[in-house]
Amino acid sequence: MIDPLADLSILIRQAVTAAFGTVPESVDLVPRRSEHADYQLDAALALARTLRRSPREVATAIVAHLPPGPIIEAAAVSGPGFINLTCRAQYLATQLGRMVSEQRLGIDRAAVPQTVVVDYSSPNLAKEMHVGHLRSTIIGDCLVRTLEFLGHSVIRQNHIGDWGTPFGMLLEQMLEEGSPHGGGSVRELSTFYRAARAHFDSDPGFAERARARVVLLQRGDAQTLVLWQRLLELTTAYIATLYRRLHVRLTEQDIAGESRYNPFLESVVTELEDKHLAQTSDGAICVFPPGFSGRDGKPLPLIVRKQDGGFGYAATDLAAIKYRIEKLGARRILYVVGIPQSQHFAMVFETARLAGWASADVRLEHVAFGSVLGQDGKVLKTRAGEAISLLALIDEAVMRATGILDQASPELAATDRARIAEMVGIGAVKYADLGTDRSRDYVFQWDRMLAFDGNTAPYLMYAHARICSMLRKAGAPAPEMVRGGDAIRIEAPAERALALELLGFPATVTALGESLQPHRLCQQLFQTATAFTRFYDTCPVLAAEPAVRASRLALSALTARILACGLDLLGIGAPELM
Ligand code: ARG
């Protein structure tokens, strides 16, 4: 693993131990990137409290015990008790040289690879996917790519909503009005869905038949299943188109919808009853996991079987969690679903623990995200107030990207332009989603996400393409072909600043596997591209004398590889021309 912060924290630990005998567990000994030096450590402030000494005194003692060696060039106490650390140029150059020669850019595979189930995308049948499903798809894809890169064995699960009460109404509508086939577009399916809904709401006789149809479906009635199958095929064909267009790693094989768990629902509920976890309440069968109560203070139920005997969303999730652990061998399960379902998942996880399906070492994580808002600050909708069509949204992104490229790069050949516009448009939409802390809502703004400056996909893609073009001019074929790691020298301040950003990449990717916060990777890439721009503006590359030129070319090529690798983990392409 290439990680200066880890190297430094080992030295710091030794120094703290030498100075004070022990290191309290709670104190973080990892320094941070800083404007004042290469890195800054604030541990003396925390240590001062436990040691009952002044922070400056503690900092001075640590500095006195930091052994001189090949890594640290200087350590100095600053301000109230910070420690500023400067690395030796040779150390930075050696680490960068290792990075250049490693295909994985210095990122280790997990020492203990795990089977990780990632539940994401998960749209509902016969309905247009909405922006929330798009967020889930984009975030989930990034996590899948990252965990796979880190060496875990990832099982993708597209938990589509293909079961339950709405299907009674949809199937009954199909019987009465004919199937919504035609071109099979989901627009048509949405119209069909709304017609069925309206019919259901206005005609009690129809509503009655729809309810009976649900029962037929759940019993496996042959004619009903044929109709249901047809609806399923129409939807999967549509989502497959969308996934291909988005370049996400989801295929038809990854679909494991709610219906998949139908055969297990009965026994899951029985098991919960046998274990005295479920009880009858108001005619429904419920689990009351401890620690959950409503506004009135009463325990909150997780309804596993409804009054009418049907199983709902919670029962399916319980069956799914058991299946994923017992049959798929999951040691970690990620649910990439919006914040409104937080309580649902917390209750499901708790129930799975109580039932003994999820032992303490199985990690269950709700990777929650906020809403996508329109410029008006409300949840993104079309003017007509409907959910936005995702395919239309992607088309618009690509159209806008084409317009921008027409202006910015008129010299591009038409075929390149079309291909690159597709990457830029889709990349911009994905990056807008991944670049902000996922737990926050974000405002969907075309101009901002497509801007060539700022923390955006086009900015990073352009930085990458610019390096590729410089390497072409230098006669070096592609970034990964540029060797010469031994040639790297870190002299100018802008070289050092770039070096520190490049060396931060491996730890950032590794941390993403734990934090599941893609915006931190985005931030790292943005800092890298910014440091590169400063380097490029102040350090001539092609015109430099041969030894400096070789070093700067190697640094540039490494920057391009890191940007491309990082963008790839985000699910975004990095064209070599732009
Ligand atoms: N289909 C659900 C929805 O649209 C999301 C499913 C999430 N996954 C799960 N295991 N419940 O809200």
Side-chain angles (χ1 to χ4, degrees), residues 116-141 143-144 154-167 170 186 189-190 193 197 228 231-232 235-236 238-239 242-243 248 250 254-262 264-265 268 287 289 302-304 311-328 330 332-353 357-358 362-372 379-381 386-390 438 516:
V116 186
V117 165
V118 184
D119 177 321
Y120 68 118
S121 197
S122 312
N124 300 316
L125 218 81
K127 264 189 167 175
E128 180 78 56
M129 278 172 92
H130 58 63
V131 197
H133 296 123
L134 179 67
R135 276 208 94 170
S136 173
T137 308
I138 292 172
I139 296 169
D141 186 54
L143 299 179
V144 164
V154 177
I155 303 177
R156 299 176 286 262
Q157 296 280 279
N158 193 353
H159 192 86
I160 59 172
D162 62 355
W163 206 247
T165 34
F167 292 94
L170 290 167
V186 120
L189 278 172
S190 297
Y193 188 95
R197 173 99 255 165
W228 173 80
L231 216 49
L232 185 66
T235 314
T236 47
Y238 162 76
I239 60 179
L242 192 73
Y243 295 150
V248 295
L250 262 177
D254 305 318
I255 292 181
E258 295 177 6
S259 63
R260 186 71 68 90
Y261 305 98
N262 196 41
F264 313 120
L265 300 177
V268 158
V287 178
L302 186 68
I303 300 172
V304 291
F311 301 100
Y313 192 56
T316 306
D317 262 323
L318 287 170
I321 218 168
K322 182 168 152 73
Y323 182 87
R324 289 166 179 177
I325 296 169
E326 292 174 3
K327 295 288 191 311
L328 301 180
R332 189 179 186 190
I333 312 180
L334 312 182
Y335 292 83
V336 190
V337 186
I339 289 173
Q341 297 194 34
S342 296
Q343 190 171 60
H344 164 75
F345 285 113
M347 292 174 84
V348 166
F349 295 169
E350 187 54 28
T351 304
R353 302 253 186 238
W357 300 326
V362 175
R363 294 162 75 184
L364 305 171
E365 292 166 84
H366 177 204
V367 184
F369 54 81
S371 309
V372 185
V379 172
L380 196 65
K381 296 249 163 75
E386 295 164 18
I388 298 239
S389 151
L390 296 191
R438 62 174 157 75
L516 313 176

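Index from 1, following the sequence. Whatever order the structure lists ligands and atoms in, that order sets their numbers, starting from 1.
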Undergrad: Give yes if a backbone or side-chain nitrogen or oxygen of Asp119 is under 3.5 Å from a nitrogen or oxygen of ligand 1, and no if not.
TA: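 Indeed, backbone or side chain, Asp119 has an N or O that close.
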Undergrad: Have a look at ligand 1 and work out which part of Asn124, if any, has a heavy atom under 4.0 Å from it: side chain, backbone, both or neither.
TA: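 Just the side chain.
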Undergrad: Check this for me - ligand 1, Asp317, N or O atoms closer than 3.5 angstrom, yes or no?
TA: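 N/O-N/O distance below 3.5 Å exists for this pair.
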Undergrad: So which heavy atom on Asp162 is nearest to which on Trp228, and how close?
TA: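 So the two residues come closest at O-NE1, 2.9 Å.
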Undergrad: Using a 4.0 Å cutoff against the non-hydrogen atoms of His133, which atoms of ligand 1 qualify?
TA: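 Here the atoms of ligand 1 in question are 3 (C), 4 (O).
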Undergrad: Take every heavy atom of His344, measure it against each atom of ligand 1, and state whether any distance is under 4.0 Å.
TA: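 Heavy atoms of His344 never come under 4.0 Å of ligand 1.
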Undergrad: Is there side-chain contact between Pro166 and Tyr193, with heavy atoms separated by less than 4.5 Å?
TA: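 With C-beta onward as the side chain, the pair touches.
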Undergrad: Any idea which protein heavy atom is nearest atom 12 (O) of ligand 1, and the distance to it?
TA: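 The answer is Gln341 NE2, 3.0 Å.
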Undergrad: Check whether Arg438 reaches the backbone of Ala368 with its side chain - one donor and one acceptor, N or O, closer than 3.5 Å.
TA: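 At least one qualifying donor-acceptor pair exists.
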Undergrad: Grab the two heavy atoms, one from Ser121 and one from Ser136, that are nearest each other, plus how far apart they are.
TA: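 Scanning both residues, the minimum pair turns out to be N-OG, 2.8 Å.
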Undergrad: Using distance alone, decide if ligand 1 has a nitrogen or oxygen within less than 3.5 Å of any nitrogen or oxygen in Ser122.
TA: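 Ser122 vs ligand 1: N/O contact under 3.5 Å present.
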Undergrad: Nearest non-hydrogen atom to atom 6 (C) of ligand 1 belongs to which of Tyr120, Tyr313, Phe345, Tyr335?
TA: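 Looking at heavy atoms only, the winner is Tyr313.
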Undergrad: Tell me yes or no: between the side chains of Tyr313 and Gln341, is some donor less than 3.5 Å from an acceptor?
TA: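 The answer is yes; a qualifying pair exists.
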Undergrad: Does the pair Asp317 and His159 meet the rule for a side-chain contact (heavy atoms from CB on, under 4.5 Å), with working shown?
TA: CA-CA 9 Å; Asp317 262 323; His159 192 86; 3.8 Å; yes
Undergrad: For Gln157, state whether at least one heavy atom is located under 4.0 Å from any atom of ligand 1.
TA: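 Heavy atoms of Gln157 never come under 4.0 Å of ligand 1.
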Undergrad: Any side-chain to backbone donor/acceptor pair from Ser259 onto Trp163? Under 3.5 Å, distance only.
TA: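 Pair absent, no side-chain N/O of Ser259 close to backbone of Trp163.
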